[in-house]
Amino acid sequence: MAGEASGSKTTEEKEQSLTLEPCPECGSTVIYRDPTRGEIICGNCGIVISERYIDQGPEWRAFSSEEKEGRSRVGAPTTFAMHDKGLSTVIDRRDIDVYGNKLVPSRRAQIYRLRKWQIRSMVHNSVQRNLATAMSELDRLTSQLGIPRDIKETAAIIYRKALERRLVRGRTIDGVTAAAVYLACRLHHVPRALEEIATHTHAGRKELGRSIRLILHTSGITIPRPKPQDFIPRFGEDLRMSVNSQRRAIEVIDQAQAMGLTAGKDPTGMAAAALYIAGLIEGERRTQQEVAAAAHITEVTVRNRYKEMVQRLNLKVEV
DNA sequence: AAGACGAAAGTGGTTGA
DNA sequence: TCAACAACTTTCGTCTT
């Protein structure tokens with residue numbers, strides 16, 4: 001379903017996605033891309049973070065709706081999320097030439113042999129075959145989890161590296177793919193719960209955890225530890241809370257961090273409690289249950305963090 | 001009736017010997 | 001490898017709005 005037509009439509013408006021780095025100015029992780037200007041912009045303070053964003057959308061301007069539908073880049077943008085990066089040559093099965101004429105038998109036999117070796121060299125190589133299944137699994141997983149394209153690309157790269165290091169051997173492709181997705185999310189400061197990914201993959205939670213640790217140890221990737229602030233945009237969005245409240249929640253967390261209240265605590269719990277407090281302050285009250293559900297934790301934990309922070313930070317909260 | 005609160009017991013993961 | 005430990009979860013009864 002997700003064909004090229006829908007792809008070219010979404011690039012039309014400002015596309016929200018998350019980049020590797022939070023805003024250097026205010027630390028916000030809500031980052032927008034503006035393909036028409038080629039800029040990456042902070043959604044919070046509006047600063048232009050980068051002006052060298054590469055537009056992978058259609059190449060030409062369009063003056064009518066038919067043109068708009070018809071235009072595209074010459075060839076799809078290359079992507080790591082396909083086993084051949086989308087660059088392979090395909091030899092058609094139909095035995096006709098470009099003019100639609102039937103091929104003479106000798107020519108036809110030649111094409112047949114070419115195609116045979118073409119396919120052998122592509123997918124019948126075990127590495128390529130592995131990648132092909134992995135990338136389709138990656139497709140499925142990322143679309144189910146609603147993971148943006150650039151994170152998916154990172155996951156694909158992580159998977160390729162793991163495959164090069166022969167880490168996939170003896171493990172399931174699904175498991176390693178899921179692990180790559182998990183790591184990619186953390187790299188992009190959009191951490192997803194292990195649980196969340198585990199429910200959408202065939203691999204068990206245990207295997208997923210093992211794969212993650214294995215990649216982590218052998219590949220030398222350093223993953224930033226998830227910060228409570230990283231969760232605010234997503235949870236806030238799930239709870240349909242305003243940007244104002246989200247910003248307030250981040251302030252609360254900053255204060256708590258300054259007092260050393262966050263050490264050793266579950267960052268999702270901190271984020272949830274901060275959102276709960278922000279809701280009270282900003283008059284966008286959400287129940288502890290709602291907040292807890294958004295963060296995939298229990299209301300008891302929300303309560304404990306909430307109590308701690310109100311007490312230690314001397315917050316005046318109207319109930 | 002729904003939401004908030006707190007106590008007590010249980011659980012999975014980390015740490016240090 | 002194992003036990004200790006802190007944080008989190010589950011469960012349940014009570015209080016407040």
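Proteins come first, then strands; the chains are lettered A, B, ... in the order of their sequence lines, and each starts at number 1. Given the structure is predicted, the values throughout are model-derived calculations rather than measurements.
- Defined by atom type and a distance below 3.5 Å, a donor-acceptor pair is present between the side-chain atoms of A/Thr268 and A/Asp266.
- Rounded to whole angstrom, the span from the CG atom of A/Asn304 across to the C1' atom of B/dG6 amounts to 9 Å.
- Note on A/Arg285: every side-chain N or O is 4.0 Å or more away from OP1 and OP2 of C/dT17.
- Distance A/Leu261 CG to C/dA7 P: 12 Å, rounded to the nearest Å.
- You'll find that the side chain of A/Gln288 is closest to B/dC5, out of B/dC5, B/dG3, B/dA7.
- Between A/Arg186 and A/Tyr182, the side chains place a donor N or O and an acceptor N or O closer than 3.5 Å (distance only, hydrogens not considered).
- B/dA4 atom P lies 9 Å from atom CG of A/Leu280, rounded to whole Å.
- In terms of phosphate contacts, A/Arg305 brings a side-chain nitrogen or oxygen within less than 4.0 Å of OP1 or OP2 of C/dC8.
- Nearest-nucleotide mapping onto DNA chain B: of A/Val300 and A/Arg286, the residue sitting toward the 5' end is A/Arg286.
- Look at CD1 on A/Ile297: it is 20 Å from P on B/dT11, rounded to the nearest Å.
- Following rounding to the nearest Å, A/Tyr306 (OH) and B/dG6 (C1') show an atom-to-atom distance of 14 Å.
- Between the CZ atom of A/Arg303 and the C1' atom of C/dT16 there is a distance of 13 Å, rounded to whole Å.
- Side-chain N or O atoms of A/Arg192 include one that pairs as donor or acceptor with a backbone N or O of A/Leu145 at under 3.5 Å.
- Which of B/dC5, B/dG6, B/dG3 sits closest to the side chain of A/Lys307 comes down to B/dG6.
- In this structure, A/Lys265 atom NZ and B/dT14 atom C1' are separated by 15 Å, rounded to whole Å.
- In the model, A/His188 has a side-chain atom that pairs as donor or acceptor with a side-chain atom of A/Thr154 under 3.5 Å.
- Nucleotide B/dG16 has C/dC2 as its partner under the Watson-Crick or G-U criteria, with both atom distances under 3.5 Å.
- Base engagement by A/Thr298 is indicated by at least one non-hydrogen atom pair under 4.0 Å involving a base atom.
- A donor-acceptor contact under 3.5 angstrom links the side chains of A/Glu284 and A/Ser242, judged on distance only.
- Straight-line distance from the CG atom of A/Leu194 to the P atom of C/dC8: 17 Å, rounded to whole Å.
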